[in-house]
**Q** 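Starting off with a structure, shown below.
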Amino acid sequence: MITSDRLTKRYGDKEAVSDLSFTVAPGKVTGFLGPNGAGKSTTMRMIVGLDTPTSGRVLVGGMRYGALRRPLRGVGALLDARACHPGRSARSHLLGLARSNGIPASRVGEVLETVGLTEVAGKRVGSYSLGMGQRLGIAAALLGDPEVLLFDEPVNGLDPDGVRWARELMRSLAAQGRTVLVSSHLMSEMQETADHLLVIGRGRILADAPMEEVIAGSSLNAARVRTPEAQALERELRRHGLAVERGADLEPDELIVVGATLREIGDLAFSHRVPVHELSMRRASLEQAYMELTADSVEYGAPALSQILQTPSTPKV
Ligand code: ADP
């Protein structure tokens, strides 16, 4: 369990993390999301004692990280996969970490096996690809068999097979009752991996809720209705204050309705004797829900593509 109580971090005038209070529960994968500069890395660094809070505190299993006698046994973290000496081999890097944390050397072979690096464990880390470096970072996080695991962008550089492997690993760690906090910018991947979401923007919490709840909050969740009496049903739906869409890109017998359950729409159609040929939910994706949630918090946004494409590329003479 990770508990943060009014956690705040300022760098000069800049408040990177503002008054964050949250709990990351065991037995689940919690996705940690937010635009660039939202404060995710700063929060993760404070969890593992690499940064000191300006005020507030964050505890791991009820203790400050600095108070853990053998930190790797309490918390495993992948924060920066390049954080090891390029001239050393993966095996010697992990052996060094194990020794300094009272972890038996036999554990090194186990984690190398888990991450699939056994065959290249004697090679210089400097010769590793980005994906292999990530696997080594994950091995280091697993080394102390900790109850709490933090992964900052763990699937960076992994191929599709590796991405699936990382997802299954995180899900199995959570299923063993561990606390798993993982940040990622890949929303479709996160939707497959996380049970719960902690979304921050400009250092503040925007959502702390189960995945389903975050997606249900999107205005893009809508019902699709097909009826031969689309006009009549549209009139009734609007009379009940519901937003109805009937655009050129829809079939003539198709309506999109926002803000009502399928049951409400079905009952309304029935009470007006309107036959319904299809009634289904068009569910928003996590990406869509996330974009809506963070729309006001994007610090380094790119201009819309349409804006770029409309800009004349050749100067007028
Ligand atoms: P994220 O990981 O969500 O992208 P960060 O935690 O890296 O966000 O950064 C949060 C904010 O704090 C950003 O505006 C960033 O520029 C600033 N920041 C992070 N680290 C430092 C630092 N060491 N010194 C000054 N500003 C920092």
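Numbers here are sequence positions counted from 1. When a ligand or atom number is given, it counts from 1 through the structure's own listing order.
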**Q** Quick one: does Asn36 get an N or O within less than 3.5 Å of an N or O on ligand 1?
**A** no
**Q** Which is closest to atom 3 (O) of ligand 1 by heavy-atom distance: Arg45, Glu15, Lys14, Lys40?
**A** Lys40
**Q** Quick one: name the residues clustered hydrophobically with Leu255, using the 4.5 Å side-chain heavy-atom rule over I, L, V, M, F, W, Y, and just say none if it's on its own.
**A** Val225, Leu233, Leu237, Leu242, Val244, Val257, Leu262, Ile265, Leu268, Val274, Val276, Leu279, Met281
**Q** Running the 4.5 Å side-chain criterion over Ile, Leu, Val, Met, Phe, Trp and Tyr, what cluster does Val258 land in, apart from itself?
**A** none
**Q** With a 4.0 Å cut-off on heavy atoms, does Gly34 reach ligand 1?
**A** no
**Q** Report yes or no: does Pro35 have a heavy atom closer than 4.0 Å to ligand 1?
**A** yes
**Q** Would one find an N or O of Ala16, backbone or side chain, under 3.5 Å from an N or O of ligand 1?
**A** no
**Q** Go through the side-chain N and O atoms of Ser219 and Glu292 and say whether any donor and acceptor fall under 3.5 Å apart.
**A** yes
**Q** Have a look at Leu33, Asp13, Thr42 and point out the one with the heavy atom closest to atom 6 (O) of ligand 1.
**A** Thr42
**Q** I'd like to check which ligand 1 atoms, numbered from 1 as shown, lie under 4.0 Å from a non-hydrogen atom of Ala38.
**A** 1 (P), 3 (O), 8 (O)
**Q** Begin with the C-alpha distance, continue with both residues' side-chain angles, and end with the deciding distance and a verdict on salt bridge (Lys or Arg N to Asp or Glu O under 4.0 Å) for Glu254 and Arg246.
**A** CA-CA 7 Å; Glu254 191 179 2; Arg246 255 189 103 196; over 6 Å; no
**Q** Would you kindly say whether Glu192 and Ser188 are connected by a side-chain donor-acceptor distance under 3.5 Å?
**A** no
**Q** Would you say the side-chain atoms of Glu15 and Ser18 include a donor-acceptor pair closer than 3.5 Å?
**A** yes
